[in-house]
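Every value quoted in this text rests on a predicted model; they were computed, and no experiment measured them. Positions are given from 1, in the same order as the sequence printed here.
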Amino acid sequence: MGEESKAKWEGKATIELAGNKVEQVWPHLEDFLNFHKLIPLDVCYKVEGVPNQPGLIRYCAAIIKGDDGSAEPTTNWANEKLLEIDPIQHSLTYEVGENNMGFKHYVATMKVLPINNEAEAGGCKIEWGFVSDPVEGWSLQDLNSYLQSTLEFMAKKIEAACSKAT
C-alpha cells in the first residue's frame, strides 16, 4: 500500500584547530571552488552559477590508482551544488548531485565554530555533518570514517596555510 521508506544516514565529523580563530579558518572553507586545495582532488571547477553563491555547482574528481600500480586508474567524480552559505554563522550547506560513487541523496553542512573562551585562548573547530540515503558500496561507518579522515587532512592544510599567513 504505502512506499517502504529506507532509513536515512546521519553523521558528523569534528576537529579542533586550537591555534586558529574562526576568522582565520572560515575563508578556506567558504571558497567553494577551491576545495581541491584542502583535500586530495585532481580537479575542482565551476560547472555553473556564481562563485560562492547558492546555486553554484562544482565538479570534483579524483583519480584513483590501483594498489599495485598495474591496474587501470579510475576516476571518482561528483557534481556538488552549494545550497546555502552564511558568512556570519561561518557555515555552508551543499548537496551531491550526479556522481559515480553511489550517492543518491546527500546533503552536508560545514561549520566553523569557536571553542569555548576563544577570545582568551583562541581556537575553533570544524564540524562536517551530513544526512544521506544509504550509499551504494559503503557502510555508514565507512562514510563516517572517510569524512573524519578527510577533515583531519583538511585541518592540517588549513593550519599550514594559516601559519604561513602570520
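- Partner S132 forms a side chain to side chain contact (heavy atoms under 4.5 Å, CB included) with one of L143, L140, V96 and no other, that one being L143.
- Looking at K125 and E16, no side-chain N of the basic residue comes within less than 4.0 Å of a carboxylate O on the acidic one, giving no salt bridge.
- At least one donor-acceptor pair under 3.5 Å links the side chain of N52 to the backbone N or O of F32.
- Taking every heavy atom of both residues into account, C162 and N20 meet most closely at CB-ND2, 3.1 Å.
- Residue L17 is tested with I115, V25, V22, V112 for a side chain to side chain contact (heavy atoms under 4.5 Å, CB included); the sole match is V25.
- D142 and S139 are linked by a side-chain donor-acceptor pair at a separation below 3.5 angstrom, with hydrogens and angles left out of the test.
- Here the options are I15, T150, T14, L29, the test is side chain to side chain contact (heavy atoms under 4.5 Å, CB included), and the partner is W128; only T150 passes.
- Hydrophobic clustering (ILVMFWY, side-chain heavy atoms < 4.5 Å, transitive): Y146 and M101 are in one cluster.
- With contacts defined as side-chain heavy-atom distances shorter than 4.5 Å, the pair C60/C44 qualifies.
- A cation-pi contact, defined as under 6.0 Å to the ring centre and within 45° of the axis, links R58 to F35.
- In terms of modelled atom types and a separation under 3.5 Å, the side chain of N99 and the main chain of G102 share a donor-acceptor contact.
- Rounding to the nearest 0.5 Å gives a distance of 10.5 Å between CG of L41 and OH of Y59.
- Judged by distance alone, with hydrogens and angles left aside, the side-chain atoms of Q148 form no donor-acceptor pair with the main-chain N or O of S145 at under 3.5 Å.
- A donor-acceptor pair is defined here as one N or O able to donate and one able to accept, closer than 3.5 Å; no such pair exists between the side chain of N34 and the backbone of K37.
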Begin from the C-alpha positions of V107 and T93 and carry the test side-chain contact (heavy atoms from CB on, under 4.5 Å) through to its verdict. CA-CA 7 Å; V107 176; T93 301; 3.6 Å; yes
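- Using a 4.5 Å heavy-atom threshold, the side chains of M110 and M154 count as touching.
- Not less than 6.0 angstrom separates the ring centroid of F130 from the ring centroid of W9.
- Taking NZ of K46 as the reference point, atom CG of L82 lies at 13.0 Å (rounded to 0.5 Å).
- Of the possible polar contacts, none joining the N76 side chain to the N100 backbone as a donor-acceptor pair under 3.5 Å is found.
- Closest of all the heavy-atom pairs between A160 and S163 is O-OG, 2.9 Å.
- The closest side-chain heavy-atom distance from E30 to I85 is below 4.5 Å.
- Atom CD of E152 sits in a crowded spot, with more than 12 heavy atoms from other residues, nucleotides or ligands closer than 6.0 Å.
- Proximity of E80 to I57: side-chain heavy atoms (C-beta onward) are nowhere separated by under 4.5 Å.
- Between the D86 side chain and the H90 main chain, no donor and acceptor come within less than 3.5 Å of each other.
- Separation of atoms CD (E98) and NZ (K81) is listed at 13.5 Å; rounding is to 0.5 Å.
- Between P27 and Q24, the closest heavy-atom pair is CD-O, 3.6 Å.
- Contact annotation: the side chain of Y94 never approaches that of L83 to less than 4.5 Å [non-hydrogen atoms, C-beta and beyond].
- Judged by distance alone, with hydrogens and angles left aside, the side-chain atoms of D133 form no donor-acceptor pair with the main-chain N or O of K104 at under 3.5 Å.
- The hydrophobic clustering, which links ILVMFWY residues whose side-chain heavy atoms are closer than 4.5 Å, places L33 and W77 apart.
- Between P40 and F153 the shortest heavy-atom distance is CD-CE2, 3.5 Å.
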Carefully, step by step, assess I158 and I126 under the rule side-chain contact (heavy atoms from CB on, under 4.5 Å). CA-CA 11 Å; I158 292 170; I126 302 172; 4.0 Å; yes
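- Using a 4.5 Å heavy-atom cutoff, the side chains of K111 and T109 are in contact.
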